[in-house]
Amino acid sequence: SSGINAEYGQHYKLIHLLSSMAVFVDGQHRTDYGRIILTSDNVLHPTDKVQATPSRADGINYEDERDIKILGCELIQASGLLLQLPQVAMATAQILFHRFYLVKSLVIHNYEHQSMAAIFLAAKIEEHPRRIRDVINCFHHIKQVKDKKTPTPLDFTGALYVKQKNDVIKAERRLLKELGFCVHVKYPHKIIIVILSLMLEQGQNTELMQLSWNFMNDSLRSDVFMRHTPDQIGCACIWLSARIKKICLPENPPWYELLDCSKEKCEEISRTILNLYCIPRPNAEKLERAINAAKEAYELKKSFNEKNKRDLKDVKKMDSSNNFSPIDPHKNKDSPKSKLSPATVINNKLSKLAENSSDSHHKNGALRRSKHHSPRRRYSPVSPPRRKHDRYNRKKRRSSSDSESSSFVRKRKHRTKKRVSSPSESSSSSSDSEAAREEARKKKHEEKKKLADQKKLEERIRLLEKQKDRNKKEKHDKIMRETNKDHRHKVR
């Protein structure tokens with residue numbers, strides 16, 4: 001017991017410390033720290049925001065967006081019936097589905113994955129959890145029935161199931177993140193039952209209650225839950241059902257004013273619900289084509305914007321390096337870099353390099369060689385190395401030297417003459433020598449490539465000849481075996 005008391009004391013100290021940290025920040029008492037307001041009013045949006053969705057910005061028109069949302073809500077409703085979920089869970093899933101696509105685009109996020117994630121999350125919220133395997137199998141079954149195929153369960157060890165499972169988990173996480181984990185939903189179901197039981201008798205309100213309930217379930221496919229409170233939607237469903245059934249409800253004072261609703265609101269919501277029955281059944285293939293076309297346009301737009309950003313960065317770098325000012329034109333005239341073209345700048349640099357190379361000398365007065373030139377050779381490549389005091393051998397070597405050594409000496413003299421030229425001539429000669437070196441390097445590379453190709457070809461021919469000889473030998477051995485066998489048979 002003493003150990004339990006000590007542990008309890010430590011927990012109490014920790015809780016007290018955390019509460020003090022939450023209340024006192026920088027030595028000041030804060031009463032508004034960590035306040036979160038969770039009401040059904042802070043999830044409502046004006047009509048302008050509901051109509052200007054990200055899907056419309058990405059190229060999907062109003063009719064296609066409405067049909068895709070209706071299709072997603074129908075998938076949720078059908079899967080909820082197969083999973084044997086209560087209507088409250090299906091209503092929660094459809095409202096979460098609509099809330100998600102108010103802030104995200106149908107082009108980027110697949111509506112089928114979000115439908116599965118919504119029903120999977122809503123089942124957990126309403127305390128009727130279902131396995132993710134059952135949710136995926138229900139949607140797979142609905143798709144097979146729609147395509148008029150024989151319904152078969154999805155193999156949960158296959159790659160398709162694993163991919164869909166990962167997609168649903170990611171979609172659920174994304175749904176919670178975008179909604180800020182505020183998944184509370186208030187429904188008008190209870191309002192319909194309470195109001196009709198108060199206003200009408202038991203036998204009279206059964207049909208009216210059922211019709212109002214149907215209108216309310218159908219309204220989940222529209223965006224009325226994004227624009228109106230649940231009390232107003234419940235009043236509108238009762239008002240519309242009473243008009244259809246021709247049942248008089250109290251008008252003096254009006255009964256809907258008890259729930260902070262007006263006749264105009266009832267008419268507006270009723271009109272939205274009745275418009276759902278005038279819409280033809282959505283065509284899934286047509287909607288898929290519209291989404292794919294919008295997705296291609298979105299990818300092209302994205303790549304174009306990225307390219308423009310890169311070009312803008314390059315232009316800014318060039319402007320900053322050239323001391324360019326779009327605001328002050330006098331600054332551009334005075335800047336020394338803006339007066340010179342790139343070609344003149346390069347020529348000036350080359351002439352400076354040539355001047356520096358001409359100013360620097362060796363001890364014996366000879367010109368210093370550039371780092372691009374090969375080092376000066378002391379001996380001729382043809383004749384043997386000289387000896388310092390052997391004049392006879394040197395004279396003999398000079399007299400017996402061939403034309404190659406004399407041409408090499410002439411080239412060396414010509415090169416030294418060129419090197420003592422003016423700076424502009426040296427810059428042009430260096431550029432010419434670089435071009436010649438580059439051309440020689442290319443030729444050498446091509447020759448190496450030709451030699452390698454020739455070697456490969458020879459190796460291949462050699463292998464083919466070996467294979468041919470082997471085949472001949474095998475054929476010969478086979479013939480010999482057959483003849484020996486026949487000979488033995490005859491002897492016996």
Donor-acceptor pair, Arg221 side chain versus Gln94 backbone, under 3.5 Å?
-> no

Side chain to side chain donor-acceptor pair (under 3.5 Å) partners of residues 139-152, not counting sequence neighbours, each pair once | His140-Gln144, Gln144-Thr152

Output all residues satisfying ring pair (Phe, Tyr, Trp, His ring centres under 6.0 Å) with Phe100, sequence neighbours left out; order by chain, then residue number.
-> His109

State whether the side chain of His113 and the backbone N or O of Gln164 hold a donor-acceptor pair below 3.5 Å, judged by distance alone.
-> no

Taking side-chain hydrogen bond (donor to acceptor under 3.5 Å, both in side chains) as the test, write out the residues that go with Ser105, two or more places apart.
-> Asp58

With a cut-off of 6.0 Å (strictly less than), are more than 12 heavy atoms of other residues, nucleotides or ligands near CD of Glu459?
-> yes

Check step by step if salt bridge (charged side-chain N to carboxylate O under 4.0 Å, His left out) holds for Lys450 and Asp453.
-> CA-CA 5 Å; Lys450 282 180 183 177; Asp453 293 338; over 6 Å; no

Side chain to side chain contact (heavy atoms under 4.5 Å, CB included) partner of Thr53, chosen from Leu102, Asp223, Ile60 | Leu102

Verify, without hydrogens or angle tests, whether Arg130 (side chain) and Leu83 (backbone) share a donor-acceptor contact under 3.5 angstrom.
-> yes

Quick one: side-chain hydrogen bond (donor to acceptor under 3.5 Å, both in side chains) partners of Lys69, sequence neighbours excluded?
-> Glu65

Residues which pass salt bridge (charged side-chain N to carboxylate O under 4.0 Å, His left out) with Asp167, listed by chain and number, not counting sequence neighbours | Lys163

Kindly write out the residues that satisfy side-chain hydrogen bond (donor to acceptor under 3.5 Å, both in side chains) with Asp155, not counting sequence neighbours, or none if the list is empty.
-> Thr157

Report, one line per pair, each donor and acceptor closer than 3.5 Å where one atom sits in a side chain of residues 271-285; sequence neighbours left out.
| from | atom 1 | to | atom 2 | distance (Å) |
| --- | --- | --- | --- | --- |
| Thr272 | OG1 | Glu268 | O | 3.0 |
| Asn275 | ND2 | Arg271 | O | 3.2 |
| Tyr277 | OH | Asp218 | OD2 | 2.6 |
| Asn283 | OD1 | Glu285 | N | 3.4 |

So, are Lys472 and Asp469 salt-bridged, with charged N and O less than 4.0 Å apart?
-> no

Under the ring pair (Phe, Tyr, Trp, His ring centres under 6.0 Å) rule, collect the residues that match up with Tyr101, sequence neighbours excluded.
-> Phe97

Which residues satisfy the salt bridge (charged side-chain N to carboxylate O under 4.0 Å, His left out) test with Lys124, sequence neighbours excluded?
-> Glu172

Counting distance only, does the side-chain N/O of Ser55 pair as donor-acceptor with the main-chain N or O of Leu106 below 3.5 Å?
-> yes

Which residues satisfy the salt bridge (charged side-chain N to carboxylate O under 4.0 Å, His left out) test with Glu438, sequence neighbours excluded?
-> Arg441

Under 3.5 Å donor-acceptor pairs involving side-chain atoms of residues 291-298, not counting sequence neighbours:
| from | atom 1 | to | atom 2 | distance (Å) |
| --- | --- | --- | --- | --- |
| Asn292 | ND2 | Glu288 | O | 3.2 |

Lys165: what forms a salt bridge (charged side-chain N to carboxylate O under 4.0 Å, His left out) with it, not counting sequence neighbours?
-> none

